[in-house]
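Presented below is the structure to which this report refers.
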Amino acid sequence: MAKPTIKNQGFTTRNVHSDRAGRPEHGVLHKPVHPSVAYGYEDARQLAAVFQGKRKGYAYGRQANPTVSALQQRISAMEGGIGSIALATGMAAISALMLSLLKAGDHLISSAFLFGNTNSFLRTLQGFGIEVDFVDATSVDAVAERQRANTRIVFVETIANPVTQVADLEGIGEFCSRHGLLYVVDNTMTSPHLFQPQQVGAGLVVNSLTKYIGGHGNALGGAITDTGNFDWRGYPNILDIYRVPEANQWGLVQMRKKGLRDMGASLAPEAAHTLAVGSESLPLRMDQACANAMALARLCQDHRAVTKVCYPGLVEHPQHQRARKLFRAFGALFSIELAPGIDCFDFLNSLEIVVSSSNLGDTRSLGIPVAHTIYHEMGPERRKSMGVADSMLRFSIGIEDQQDLLADFSQALDRCPRG
Ligand SMILES: *Cc1c(COP(=O)(O)O)cnc(C)c1O
């Protein structure tokens with residue numbers, strides 16, 4: 001029955017046909033949505049075998065669900081990993097990862113340029129006796145300086161938001177592998193279409209599926225992928241009961257039990273289906289959105305009303321060469337600072353296509369005044385240290401026709417008062 005498989009299929013071919021490869025019920029082309037919470041067995045011994053991990057199967061929806069499993073396989077294939085765990089949100093993925101792999105007395109080194117809620121969560125960890133150092137991850141030297149005997153994890157994002165710093169992904173990967181440290185990369189901003197962190201030695205990859213992978217702003221989700229790069233036998237926090245015969249599964253097993261089962265932020269099957277369908281067009285959407293962002297960043301850079309543009313695609317960007325080397329394209333997010341005297345709210349309101357909204361990775365272009373919203377809680381001093389000016393606007397560019405976006409930005413920029 002098995003069809004001959006074409007070797008080395010591309011990203012989209014594999015993704016679009018991934019449900020079929022799992023031989024879904026009735027030959028359906030989409031893995032069905034299975035809303036059932038529990039699963040019945042004719043032989044009670046089978047139920048026990050599933051509980052004990054001796055038999056593949058489903059028992060209770062908080063721990064596993066067939067629709068969610070199909071999505072996990074897609075994510076693993078996209079990231080080139082050995083297994084993935086899907087959770088309710090990207091933050092659920094990050095918190096489950098940290099809380100199941102770290103304990104009091106451990107030390108974590110994190111990039112200082114982080115998604116705001118991740119930053120806030122890592123500060124919560126500090127209250128539980130986990131030491132966290134925030135460093136300028138654009139250079140591996142800053143990471144190396146903070147290494148200690150109890151350092152367990154190094155955590156970075158690919159392209160930070162809103163200032164778009166690009167972490168020293170290769171350098172930190174080499175450092176972590178040399179010292180046996182678990183290297184965790186949040187790949188949300190690049191998505192596996194632009195970059196696969198396993199290629200720079202990441203042991204675990206986090207994705208907010210809410211953003212580019214789902215891609216339509218209509219479902220929340222998150223995932224952790226084990227790339228197979230990390231040797232869990234050297235990780236001291238794996239509990240004896242989770243040291244299964246295949247050592248490459250230790251991390252996934254412990255995160256599944258402690259992070260997903262016990263903490264309980266399970267992904268709903270309906271959301272898993274929505275995200276899986278959305279993911280099929282990831283490369284098409286991402287290519288268009290990145291090209292749009294590039295064109296708009298250039299337009300803004302050349303305009304008198306804009307004093308600064310943060311976008312890795314511009315040659316002036318401090319990590320432009322690194323981004324060019326590592327990523328297929330430069331991402332779909334950029335930020336600008338407006339010239340003195342131009343009100344950022346007025347500017348945002350004068351854009352007709354761009355929606356004032358906090359999300360990113362949608363098909364629509366969205367803009368937000370950073371200091372007044374997502375970075376409001378941080379206060380002026382921390383904002384300054386993170387390079388966030390009061391007039392900064394962040395744009396998540398969508399897949400609209402490029403000439404329409406260019407026309408919209410042009411009219412809004414031209415309407416800005418002269419200083
Ligand atoms: C949005 C985001 C998250 C959190 O994802 P949610 O699905 O909103 O919980 C984590 N990391 C990055 C880089 C993000 O942009």
Side-chain angles (χ1 to χ4, degrees), residues 68 71 75 79 84-99 108 110-125 134 137 153 155-167 169 184-195 197 202 204-225 259-260 263-268 271-272 274-276 278-279 282 286 289 293 310 312 323 327 330-335 357-362 366-368 370 373-375 377 386 388 394-398:
V68 175
L71 176 67
I75 309 291
E79 287 290 2
S84 298
I85 304 171
L87 294 106
T89 65
M91 284 318 301
I94 292 169
S95 55
L97 186 161
M98 297 295 177
L99 290 169
L108 166 79
S110 170
S111 168
F113 313 124
L114 284 181
F115 178 64
N117 302 160
T118 305
N119 188 306
S120 169
F121 170 71
L122 296 184
R123 285 167 197 274
T124 303
L125 284 185
F134 295 94
I153 292 180
F155 180 83
V156 304
E157 295 179 2
T158 51
I159 304 175
N161 149 28
V163 184
T164 72
Q165 300 95 336
V166 179
L169 292 157
V184 182
V185 176
D186 182 335
N187 197 29
T188 302
M189 293 294 292
T190 22
S191 91
H193 174 57
L194 299 190
F195 177 62
L204 296 176
V205 181
V206 169
N207 277 289
S208 166
L209 308 178
T210 315
K211 312 290 173 53
Y212 296 102
I213 291 180
H216 297 73
N218 58 355
L220 292 156
I224 308 164
T225 301
L260 178 64
M263 294 171 205
S266 313
L267 179 65
T274 303
L275 294 166
S279 78
L282 170 67
M286 200 88 202
C310 303
F327 308 145
F330 299 100
L333 181 140
F334 71 94
S335 298
S357 170
S358 66
N359 193 19
L360 59 92
D362 201 330
L366 312 172
I368 190 162
V370 177
T373 57
I374 47 177
Y375 275 39
E377 205 179 289
M386 300 194 67
V388 175
R394 182 194 80 188
F395 295 101
S396 167
I397 299 305

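Just follow the structure's listing: the first ligand is 1, and inside any ligand the first atom is 1. One is the number of the first residue; the rest follow in order along the sequence.
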Self-check item: ligand 1 atoms in contact with Gly221 (distance to a heavy atom under 4.0 Å)
Solution: 7 (O)
Based purely on interatomic distance, does [X] place a nitrogen or oxygen under 3.5 Å from a nitrogen or oxygen of ligand 1?
| X | answer |
| --- | --- |
| Glu157 | no |
| Phe115 | no |
| Ser208 | yes |
| Leu220 | no |
| Thr118 | no |

Self-check item: Charged tip of Arg123 within 45° of Phe134 ring normal and under 6.0 Å
Solution: yes
Give the residue, atom name and distance (to 0.1 Å) of the protein heavy atom nearest [atom].
| atom | result |
| --- | --- |
| atom 15 (O) of ligand 1 | Lys211 NZ, 2.8 Å |
| atom 6 (P) of ligand 1 | Gly90 N, 3.3 Å |
| atom 7 (O) of ligand 1 | Thr210 OG1, 2.6 Å |
| atom 9 (O) of ligand 1 | Met91 N, 2.9 Å |
| atom 11 (N) of ligand 1 | Asp186 OD2, 2.7 Å |

Contact check, side chains of [X] and [Y], non-hydrogen atoms, under 4.5 Å:
| X | Y | result |
| --- | --- | --- |
| Thr188 | Glu157 | no |
| Thr164 | Phe330 | no |
| Pro192 | Asn187 | yes |
| Met189 | Leu360 | yes |
| Phe395 | Leu333 | no |
| Leu87 | Leu267 | no |

Exercise. Using atom types as modelled and distance alone, determine if a side-chain donor or acceptor of Thr210 lies under 3.5 Å from a backbone N or O of Gly221.
Key: yes
